[in-house]
Amino acid sequence: MKRIAIRGAGLFAAGVLAVAFAAGQEAGEAPQALVLTGQYAGTHDPSIAEDHGKYYVFATGAAFPTRPDGTDVPPPPAPPVPAGGAAGTGTTPPRWDRRKLPQFPIRCSDDLHQWKRCGEVFPSIPQWIQEMSPKTSELWAPDISYFDGQYHLYYAFSAFGKNTSGIALATNETLDSSSPKYKWVDHGLVIRSFVEDDFNAIDPNLVLDQKGDAWLSFGSFWTGIKMRKLDRKTGLLSTTDTKTYSLASRVKPTVGVPRNPDLPPDTEAVEAPFVFRHGQYYYLFVSWDLCCRGTKSTYRTMVGRSKNVTGPYLDRDGVALADGGGSQVIMANAKWLGPGGESLLRLPHEDLIVFHAYSAVDGRPALHISTVGWKDGWPEIALEGDGR
């Protein structure tokens with residue numbers, strides 16, 4: 001089937017296929033971690049889509065040249081070049097300017113197992129972002145979805161640990177870079193957050209609800225995960241519903257934790273929302289705790305569900321995610337640490353989830369893919385090394 005296996009379960013607004021598919025999934029098949037080969041290492045915050053039978057994964061950050069092992073980790077700088085042949089002198093080793101590198105590396109696969117690098121979205125950080133947010137060194141958290149004849153890529157810009165952030169939108173008619181219709185069009189800013197705000201405008205995720213209305217969830221730390229309604233035609237914020245909905249937050253400790261002036265407290269760590277419709281529920285997946293720390297990364301993936309796209313989302317015990325609830329669905333094992341930054345993909349025969357995790361050996365991130373098992377109305381997910 002063409003162009004239905006895309007982020008955002010609201011694409012099944014008619015409900016017929018979704019209900020039939022959900023019934024089949026409720027048989028309780030155990031989730032399976034897919035075996036990946038090729039250039040999948042180095043992937044962070046993956047977002048997946050399908051276009052005419054080919055799969056595409058978009059990832060956070062600057063697109064460094066690939067190394068022989070397939071990773072995007074930049075090689076070490078070249079040694080100093082002797083100046084005039086004088087011993088003990090030389091020029092400064094070159095440094096990577098991430099702002100000038102291509103942004104959002106794309107990986108492709110025909111079978112979900114063998115992956116290769118196949119392009120980038122932007123040749124560099126758009127000039128308007130460099131001017132609006134000069135401390136942004138690379139772009140984050142791409143979210144790809146397809147509706148109304150176009151692929152919509154929501155993405156974020158910020159500086160690490162700050163809420164002076166923004167979410168923007170780019171579109172393309174196709175993901176096939178060989179097509180004459182292939183062209184990323186940047187539509188600019190969608191929403192922005194400032195120091196005085198109690199939220200952070202990063203980690204966007206679009207979902208179409210059962211009525212076909214478009215919604216954008218986002219957020220990281222501060223008071224947690226938020227949602228705004230969008231104008232489906234423009235992809236920008238709705239002018240008729242301007243409410244900011246609160247979806248998830250962490251429980252504040254009883255003893256006050258001093259705020260680091262440069263970073264939000266670890267006790268506020270909830271981010272990377274993804275809303276996925278399955279059966280009669282919307283499921284909100286979020287990442288708790290800390291990413292981006294190599295072998296010290298503590299990310300874990302939590303979930304809650306609601307019959308309304310704006311919540312309240314409740315965990316297995318009936319605790320609202322907005323009140324600190326959340327049921328754990330992916331956690332670290334001896335081989336992989338900090339699994340999170342997730343997104344889901346609906347195929348005609350199964351649901352998939354993609355996420356990153358960090359090697360317990362060297363701390364480097366890599367792409368992971370698991371089928372989603374549905375048991376008693378709740379998702380089950382496998383991580384390589386779980387022993388399933």
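FYI, the numbering just counts along the sequence from 1.
The two atoms that bring Ala201 and Ser193 nearest to each other are N-OG, 3.0 Å, heavy atoms only. Looking at every heavy atom in both residues, Leu36 comes nearest to Leu367 through CD1-O, 3.3 Å. In terms of heavy atoms, Ser370 sits closest to Ala382 at OG-N, 3.0 Å. Scanning both residues, Leu344 and Val372, for their nearest heavy atoms gives CD2-CG2, 4.2 Å. Taking both residues in full, the closest heavy atoms of Ala63 and Glu120 are given as CB-CG, 3.3 Å, listed atom of the first, atom of the second, then distance. Closest approach of Ala49 and Leu175 over heavy atoms only: CB-CD1, 4.0 Å.
Salt bridge Asp266/Arg250: absent, no basic N to carboxylate O contact under 4.0 Å. For Arg99 and Asp97, the salt-bridge test passes: some basic side-chain N is under 4.0 Å from an acidic carboxylate O. Salt-bridge annotation for Lys229 and Asp213: present, with a side-chain N of the basic residue lying under 4.0 Å from a carboxylate O of the acidic one.
The backbone N or O of Thr60 sits nowhere less than 3.5 Å from a side-chain atom of Asp45 that would complete a donor-acceptor pair. One N or O on the side chain of Ser327 and one on the backbone of Arg316 form a donor-acceptor pair closer than 3.5 Å. Looking at Glu268, its side chain does come within 3.5 Å of a backbone N or O of Trp222 through a donor-acceptor pair. Side-chain N or O atoms of Gln130 include one that pairs as donor or acceptor with a backbone N or O of Ile125 at under 3.5 Å. At distances below 3.5 Å, at least one donor-acceptor pair connects side-chain atoms of Gln103 with backbone N or O atoms of Leu101. A donor-acceptor pair under 3.5 Å is formed between the side chain of Ser306 and the backbone N or O of Pro312. Arg98 places no side-chain N or O within donor-acceptor distance of the main-chain N or O of Gly61, the cut-off being under 3.5 Å. A donor-acceptor contact shorter than 3.5 Å links the side chain of Asn163 to the backbone of Phe194. Judged purely by atom type and a 3.5 angstrom limit, Arg107 uses its side chain to pair as donor or acceptor with the backbone of Gln39. Judged purely by atom type and a 3.5 angstrom limit, Glu380 has no side-chain atom pairing as donor or acceptor with the backbone of Gly373.
For Tyr281 and Trp374, the distance between ring centers is not under 6.0 angstrom. Aromatic pair His44/Tyr358: ring centres closer than 6.0 Å.
Looking at Phe104 and Leu153, their side chains come closer than 4.5 Å, going by heavy atoms from C-beta outward. Using a 4.5 Å heavy-atom cutoff, the side chains of Ser238 and Arg228 are not in contact. You'll find the side chain of Tyr245 stays beyond 4.5 Å of the side chain of Val309, heavy atoms only. You'll find the side chain of Trp215 reaches within 4.5 Å of the side chain of Asp241, heavy atoms only. The closest side-chain heavy-atom distance from Met132 to Arg192 is below 4.5 Å. With a 4.5 Å cut-off on side-chain heavy atoms, Phe355 and Ile381 count as touching. Between Phe221 and Asn200 there is no side-chain heavy-atom pair separated by less than 4.5 Å. Counting only heavy atoms from C-beta outward, the side chains of Ile144 and Ile48 never approach each other to under 4.5 Å.
Thr174 and Asp51 are linked by a side-chain donor-acceptor pair at a separation below 3.5 angstrom, with hydrogens and angles left out of the test. With hydrogens and angles left out, the side-chain atoms of Gln114 and Thr37 include a donor and acceptor closer than 3.5 Å. For the 3.5 Å distance criterion, the side chains of Lys226 and Thr223 qualify, holding a donor opposite an acceptor.
In this structure, CD in Glu50 is found 9.0 Å from OH in Tyr56, a value given to the nearest 0.5 Å. Taking CZ of Phe157 as the reference point, atom CD1 of Ile167 lies at 9.0 Å (rounded to 0.5 Å). The CE atom of Met331 lies 14.0 Å from the OG1 atom of Thr298; values are rounded to the nearest 0.5 Å.
Relative orientation of the Phe122 and Tyr155 rings is perpendicular, given thresholds of 30° and 60° on the angle between their planes. Ring-plane geometry between Phe58 and Trp184 is classed as perpendicular, the angle between the planes exceeding 60 degrees on a 0 to 90 degree scale with a lower cut at 30.
Taking a 6.0 Å sphere around CE of Met302, one finds it holds more than 12 heavy atoms contributed by other residues, nucleotides or ligands.
Just one residue in the list Arg293, Glu271, His356 forms a side-chain hydrogen bond (donor to acceptor under 3.5 Å, both in side chains) with Tyr299, and that residue is Glu271.
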